[in-house]
Trainee: 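Could you have a look at this structure, given as structure tokens, before my questions?
We use all heavy atoms of the structure for the numbers below, so side chains are in, but hydrogens, waters and symmetry mates are not.
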Amino acid sequence: MSERYADLHIHTHYSDSTDSPLDVVQKASQAGLSVISICDHDTIDGILPAREAARGAALEVISGIELSSEYDGKDIHILGYFFNLESGPLVGKLKDMQASRVLRMKKMVAKLHELGVKNITFEEVAELTKSDAVGRLHLAKLLVSKKVVPSLEMAFERFLAEGAAVYFPKYQQTPHEAIRLIKDSGGIAVMAHPMLTQRDELIPALVGAGLDGLEAYYPNCSMEIVNFYIHLAEKHKLIVTGGSDAHGAGKFSTYIGKSYITSERVAAMKERAGVSL
Ligand code: AMP
Ligand code: ZN
Ligand code: FE
Ligand code: FE
């Protein structure tokens, strides 16, 4: 059917993937992709290195980010694309977001110590990322490598999932605020993996706040689910995006190019963002 054109949700080792920007570019080229977007959690540090690595290859690297927000105690991820990388409210806020991730991780490690898991230090967790966007997947990996739990899944189940013993929220930001940060920086805002988040009832209000799209193409879900979100996007006059959410060896359930969108959908995103084709 459609060509494997654009994977617009890829992480690097600047957040919680094991892949460097160069690894990402090489894997994307091997997968036959023409366009990718680096969408790290709360950092843009991987974007320019990926563009540098892609120079000379027929691969476009769109600026992206995955912002965390919270509504009613539930994590809601908002993707941003085509925002201003040099200045504006979004890049201005990233330092605060990362500082609160560092503080939160120190609390998580202290809580683990309290629970008797004493052989993990904050410094060891921080070493697993190239920026300050330290997160739960880093800690989960250490819990596995130190044999506290047998698997990443168990690390989340026992300690790290929302509501579990070692869970702490990050900075307090609503999805509305995350959308505004992206829009006020010239970007378009997309609700990430709505089929995982399962808060569809929020979509009309988020559209009112400026939401531009839904990430309907996502790995490991049926065409029925994809089509459901395509129809929901059409109903609200939103664009449709998609990507693999690849994390290198950090997530075995997906890989670069596993989910992708067509050139027509990328053109629609660019039109919505006011970017020349
Ligand atoms: P954080 O941004 O620090 O809250 O961590 C979010 C990261 O944890 C994302 O990369 C998720 O993919 C990962 N994550 C969340 N829940 C789970 C889970 N049950 N199993 C594996 N990874 C998870
Ligand atoms: Zn992640
Ligand atoms: Fe996410
Ligand atoms: Fe992601």
Side-chain angles (χ1 to χ4, degrees), residues 1-11 17 19 24 27-41 59-62 64-69 71 74-82 137 152-153 156 161 175 179 188-207 211-273 277:
M1 192 201 84
S2 64
E3 86 222 88
R4 187 181 287 219
Y5 187 75
D7 179 344
L8 300 186
H9 189 157
I10 299 175
H11 292 268
S17 169
D19 284 341
V24 167
K27 289 179 184 182
S29 299
Q30 277 160 18
L33 291 162
S34 302
V35 182
I36 58 169
S37 180
I38 305 292
C39 285
D40 275 319
H41 302 285
L59 185 69
E60 181 184 356
V61 181
I62 291 175
I65 196 157
E66 184 170 26
L67 294 180
S68 299
S69 68
Y71 193 87
K74 175 107 190 165
D75 225 354
I76 300 191
H77 290 175
I78 304 289
L79 298 165
Y81 296 104
F82 302 111
L137 197 54
L152 291 175
E153 277 309 314
F156 278 89
I179 290 168
I188 56 171
V190 173
M191 189 183 196
H193 43 65
M195 62 294 285
L196 288 189
T197 305
Q198 298 196 352
R199 294 303 300 268
D200 293 353
E201 73 278 11
L202 294 179
I203 291 172
L206 297 182
V207 171
L211 188 74
D212 293 288
L214 296 180
E215 189 181 45
Y217 290 90
Y218 195 74
N220 310 318
C221 58
S222 66
M223 271 322 284
E224 211 177 328
I225 290 177
V226 171
N227 284 328
F228 172 84
Y229 285 105
I230 290 174
H231 288 133
L232 198 57
E234 281 166 1
K235 184 176 147 196
H236 291 290
K237 300 190 167 42
L238 299 175
I239 50 162
V240 168
T241 75
S244 63
D245 206 359
H247 281 68
K251 246 187 210 181
F252 295 114
S253 54
T254 185
Y255 51 83
I256 291 170
K258 184 157 192 198
S259 276
Y260 53 88
I261 59 171
T262 60
S263 55
E264 289 79 11
R265 293 210 183 275
V266 175
M269 286 175 76
K270 288 184 173 175
E271 197 182 332
R272 182 113 177 179
L277 297 180

Trainee: Looking at S259 and P219, what are the two nearest heavy atoms and their distance?
Mentor: OG-N, 3.0 Å
Trainee: Counting distance only, does the side-chain N/O of E215 pair as donor-acceptor with the main-chain N or O of G242 below 3.5 Å?
Mentor: no
Trainee: Please tell me if the side chains of C39 and I65 come closer than 4.5 Å, counting only heavy atoms from C-beta onward.
Mentor: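 No; the side chains remain at least 4.5 Å from each other.
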Trainee: Does any part of the side chain of C221, heavy atoms only, come nearer than 4.5 Å to the side chain of V226, both counted from C-beta?
Mentor: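 A side-chain contact under 4.5 Å exists here.
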Trainee: Apply side chain to side chain contact (heavy atoms under 4.5 Å, CB included) to H236 and E234, showing your working.
Mentor: CA-CA 5 Å; H236 291 290; E234 281 166 1; over 6 Å; no
Trainee: If you round to the nearest 0.5 Å, how far is CD1 of I76 from CD1 of I78?
Mentor: 7.0 Å
Trainee: Nearest 0.5 angstrom please: Y217 OH to N227 CG, how far?
Mentor: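 So the OH of Y217 and the CG of N227 are separated by 7.0 Å.
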Trainee: Using a 3.5 Å distance criterion without hydrogens, assess whether the side chain of D40 forms a donor-acceptor pair with backbone atoms of H11.
Mentor: no
Trainee: Can I get a per-line list of side-chain donor-acceptor pairs under 3.5 Å for residues 27-35, giving both atom names and the distance, sequence neighbours left out?
Mentor:
| residue | atom | partner | partner atom | Å |
| --- | --- | --- | --- | --- |
| K27 | NZ | D19 | OD1 | 2.9 |
| K27 | NZ | D19 | OD2 | 3.2 |
| S29 | OG | V25 | O | 3.0 |

Trainee: Backbone N or O of L8 within a donor-acceptor pair of the Y81 side chain at under 3.5 Å?
Mentor: yes
Trainee: Would you say that more than 12 heavy atoms from the other residues, nucleotides or ligands in this model lie under 6.0 Å from the NZ of K74, or not?
Mentor: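 Buried by this count: over 12 neighbours within 6.0 Å.
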Trainee: Could you walk me through whether V207 and L238 satisfy the side chain to side chain contact (heavy atoms under 4.5 Å, CB included) test, starting with their C-alpha distance in whole Å, then the side-chain angles of each, then the deciding distance to 0.1 Å, before giving a yes or no?
Mentor: CA-CA 8 Å; V207 171; L238 299 175; 3.9 Å; yes
Trainee: Side chain of S244, backbone of T254: donor and acceptor closer than 3.5 Å?
Mentor: no
Trainee: Within the side chain of T197, is there an N or O that forms a donor-acceptor pair under 3.5 Å with the backbone of R199?
Mentor: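 Checking the backbone N and O of R199 against the side chain of T197, no donor-acceptor pair under 3.5 Å is found.
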Trainee: If you round to the nearest 0.5 Å, how far is NE2 of H247 from NE2 of H9?
Mentor: 6.5 Å
Trainee: Quick check on Y5: does its OH atom have over 12 non-hydrogen neighbours (other residues, nucleotides or ligands) under 6.0 Å away?
Mentor: yes
Trainee: Quick one, V240 with L214, criterion side chain to side chain contact (heavy atoms under 4.5 Å, CB included). Give me CA distance, side-chain angles, the key distance, then yes/no.
Mentor: CA-CA 5 Å; V240 168; L214 296 180; 5.9 Å; no
Trainee: Please determine whether side chain to side chain contact (heavy atoms under 4.5 Å, CB included) holds for the pair I38 and V24, giving the CA-CA distance in whole Å, both sets of side-chain angles, and the decisive distance to 0.1 Å.
Mentor: CA-CA 9 Å; I38 305 292; V24 167; 3.9 Å; yes
Trainee: Check whether any side-chain N or O of D7 sits under 3.5 Å from a backbone N or O of I256 as a donor-acceptor pair, and report yes or no.
Mentor: no
Trainee: Of all heavy-atom pairs between P194 and D200, which one has the smallest distance, and what is that distance?
Mentor: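 Of all heavy-atom pairs spanning P194 and D200, the closest is O-OD1, 4.0 Å.
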Trainee: Do H77 and E66 meet the criterion of a side-chain donor-acceptor pair at a distance under 3.5 Å?
Mentor: yes
Trainee: Verify the neighbour count for atom CD of E201: are there more than 12 heavy atoms of other residues, nucleotides or ligands below 6.0 Å?
Mentor: yes
Trainee: What is the distance from atom OG of S37 to atom CG of L79, rounded to the nearest 0.5 Å?
Mentor: 8.0 Å
Trainee: Could you tell me the separation between the CG atom of D212 and the CZ atom of R272, rounded to the nearest 0.5 Å?
Mentor: 4.5 Å
Trainee: With rounding to the nearest 0.5 Å, note down the distance linking CD in E60 to CD1 in I62.
Mentor: 5.0 Å
Trainee: Between S17 (side chain only) and G248 (backbone N and O only), is there a donor and an acceptor less than 3.5 Å apart?
Mentor: yes
Trainee: Do I239 and R265 touch side chain to side chain, with heavy atoms closer than 4.5 Å?
Mentor: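 No, side chains not in contact.
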Trainee: Taking all non-hydrogen atoms of both residues into account, name the closest pair between A216 and Y229 and its distance.
Mentor: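 Closest approach of A216 to Y229: CB-CB, 3.7 Å.
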